[in-house]
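In what follows, every chain begins at residue 1, and chains take the letters A, B, ... in the order their sequences are listed.
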Number of protein chains: 2
Amino acid sequence: MTAPSLHARILADIEGHILSGEWPPGHRIPFEHELSAKYACSRMTVNKALTQLAKAKLIERRRKAGSFVTRPPSRSAVLDIPDIKTEVEALGLPYRFEILSRRKRRAGRDDSTRLEGVGAGPLLELVCRHWAGARPFCLEERLINLVSAPEAEAEPFIEVAPGAWLLARAPWTAAEHRIRARAVGKRPAEWLGIVAGSPGLFIERRTWAGDVAVTFVVLTYPGEGHELVARFSPSQR
Amino acid sequence: MTAPSLHARILADIEGHILSGEWPPGHRIPFEHELSAKYACSRMTVNKALTQLAKAKLIERRRKAGSFVTRPPSRSAVLDIPDIKTEVEALGLPYRFEILSRRKRRAGRDDSTRLEGVGAGPLLELVCRHWAGARPFCLEERLINLVSAPEAEAEPFIEVAPGAWLLARAPWTAAEHRIRARAVGKRPAEWLGIVAGSPGLFIERRTWAGDVAVTFVVLTYPGEGHELVARFSPSQR
DNA sequence: GAGTGGTCTAGACCACTGT
DNA sequence: CAGTGGTCTAGACCACTCT
């Protein structure tokens, strides 16, 4: 293990404060001159770390005012998968959701393949249906690692859907998305009000905080109706 | 229009040389001290640009040796969609492809919605089938803007599939991916040897060089068999 | 061994913006 | 107007690696 450079250490420290929730969105982080004093280095070195955080949109910088933690980092995901509520409301339709099933259990060996990085700890298993107006929009099957997010056990998920709740409560440092097309099974088809066997878009998302699994979720969108968009240009400025 | 910073200009210049193909993969770009002389600035300023290009994986830096243009930039796409040949061979199956249809025509008004940024110029329309061993792997329906890539007209696409050919020949600066699940239509289902109406994963990709459309392609993967993976962590180091 | 990139310094000037 | 970030300089030392 070679020593990481100083600006990398500063970056990691600040990222840690943000992702742990210790510095919530809107929080003003120390000024460059304060950090350069704290780390006993030149302002350039601090600036290198902060510039990178700003490019990653974890912080926002304003002259004379300082640097501030931005809103939840999820929107900067590779695939810009917005919150489902936002997604539905963007269509101009009223949004609601309901919990269809809820179960607490211990993680088995089957879970560790789905939720790599989970121990043998307690899990919360949820099925949740999202509506856009009068039609089911999307089905959410989720596992939450109660070791990462113990408060989830007491949360009724009435006001806030599990996804949004976790976003605000259990910050993550890494995510993986898998996207597939598959025939929708019998039970999910019933829940979605479609014909079993018709095509669905399946999005699996896994998130981790460090090496510890936070959540695993499968979102099932009825086919045709949904598409994912990703735009890209190299070395974005 | 405020003046862009010097390191941004240096970055843009070098990126331009790379994306235009003028500096092909493997090409050694000027040393830091040469660039600092050319732009009449300090090495730090040059270093800032080059460090950023290295993070974007457009160049690779080796001490004592210099900095080199990396292999085609497509692999750094948001969704890491590999070349289909690579994808099939990664499965340990023999790869081949065939052109099913080929047509040259003028762009109509219908095309401009599919290929935003195309003029009224000539288009090449291709349908191509990719095989993994004895089974069809993927269907490729492609439009190529012959204004962007005039040499495509004379290319038989026997040795090299259109996708790989374009990658090497017509560099792009922006890309958009759309991913959907949909029932596979009758003709494509025949081509893929599956039952019409079964689920398929559709990947639409559009690429541009500057403001000019390069190509529009729809890849149809028979359902179940395919998945896309995207990994992400904030402020990647 | 020599030349490259990686990192860092201790300044500097400027633009912007909040007060 | 004062204080912040944005940018840049002209050095420096070190680690690595190619020859």
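Side-chain atoms of B/Leu53 and B/Ile29, non-hydrogen and from C-beta on, never get closer than 4.5 Å to each other.
Backbone-only engagement by B/Ala40 is indicated by non-hydrogen atom pairs under 4.0 Å involving sugar-phosphate atoms exclusively. At a threshold of 4.0 angstrom between heavy atoms, the contacts of A/Leu50 with the nucleic acid are absent. Contact annotation for A/Thr51: no contact, since no heavy-atom pair falls under 4.0 Å across all strands.
Straight-line distance from the CD atom of B/Glu60 to the P atom of C/dG6: 12 Å, rounded to whole Å. With rounding to whole Å, A/Tyr39 atom OH is found 17 Å from C/dT7 atom P. The distance from atom CG of B/Leu11 to atom P of D/dC8 is 12 Å, rounded to the nearest whole Å. For A/Ile59 and D/dT4, the CD1 to P distance is 15 Å, given to the nearest whole Å. One interatomic measurement links the two molecules: CD of A/Gln52 to P of C/dT7, which rounds to 10 Å at whole-angstrom precision. Put simply, CZ on A/Phe68 is 12 Å from C1' on D/dG5, counting in whole angstrom units. In this structure, B/Lys48 atom NZ and C/dG6 atom P are separated by 16 Å, rounded to whole Å. When rounded to the nearest whole Å, the span between CG of B/Leu53 and C1' of C/dG5 equals 14 Å.
Between A/Ser5 and C/dG6 there is no side-chain N or O to OP1 or OP2 distance below 4.0 Å. Between B/Arg61 and C/dG6 there is a side-chain N or O to OP1 or OP2 distance below 4.0 Å. A sub-4.0 Å separation between OP1 or OP2 of C/dC8 and a side-chain N or O of A/Thr45 is absent. The side chain of A/Arg43 places no N or O atom within less than 4.0 Å of a non-bridging phosphate oxygen (OP1 or OP2) of C/dT9. Regarding contacts with the backbone of C/dG11, every side-chain N or O of A/Ser42 stays at 4.0 angstrom or more from both OP1 and OP2.
Ring-plane geometry between A/His17 and A/Trp23 is classed as parallel, the angle between the planes falling under 30 degrees on a 0 to 90 degree scale with a further cut at 60.
The distance between the ring centers of A/Tyr221 and A/Phe202 does not fall below 6.0 angstrom.
Toward the 5′ end of DNA chain C lies the nearest nucleotide of B/Ile29, the other residue of the pair B/Ile29 and A/His7 mapping further downstream. Nearest-nucleotide assignment on DNA chain D puts the 5′-proximal partner with A/Gly66, out of A/Gly66 and A/Met44. Of the residues near DNA chain D, B/Lys64 and A/Glu32, the one whose nearest nucleotide (by heavy atom distance) lies more toward the 5' end is A/Glu32.
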Run the side chain to side chain contact (heavy atoms under 4.5 Å, CB included) check on B/Thr215 and B/Ile144 step by step: do they pass?
CA-CA 5 Å; B/Thr215 189; B/Ile144 298 173; 4.0 Å; yes
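One finds no salt bridge joining A/Glu140 and A/Arg205 here, because no Lys/Arg side-chain nitrogen approaches an Asp/Glu carboxylate oxygen to under 4.0 Å.
Considering CD1 of A/Ile84 and CH2 of A/Trp131, their distance stands at 14.5 Å, rounded to 0.5 Å.
Of the candidates C/dG6, D/dC8, D/dT4, the closest approach to any side-chain atom of B/Arg63 belongs to C/dG6. Listed nucleotides: C/dT7, D/dC16, D/dC8. Nearest to the side chain of B/Leu6: D/dC8.
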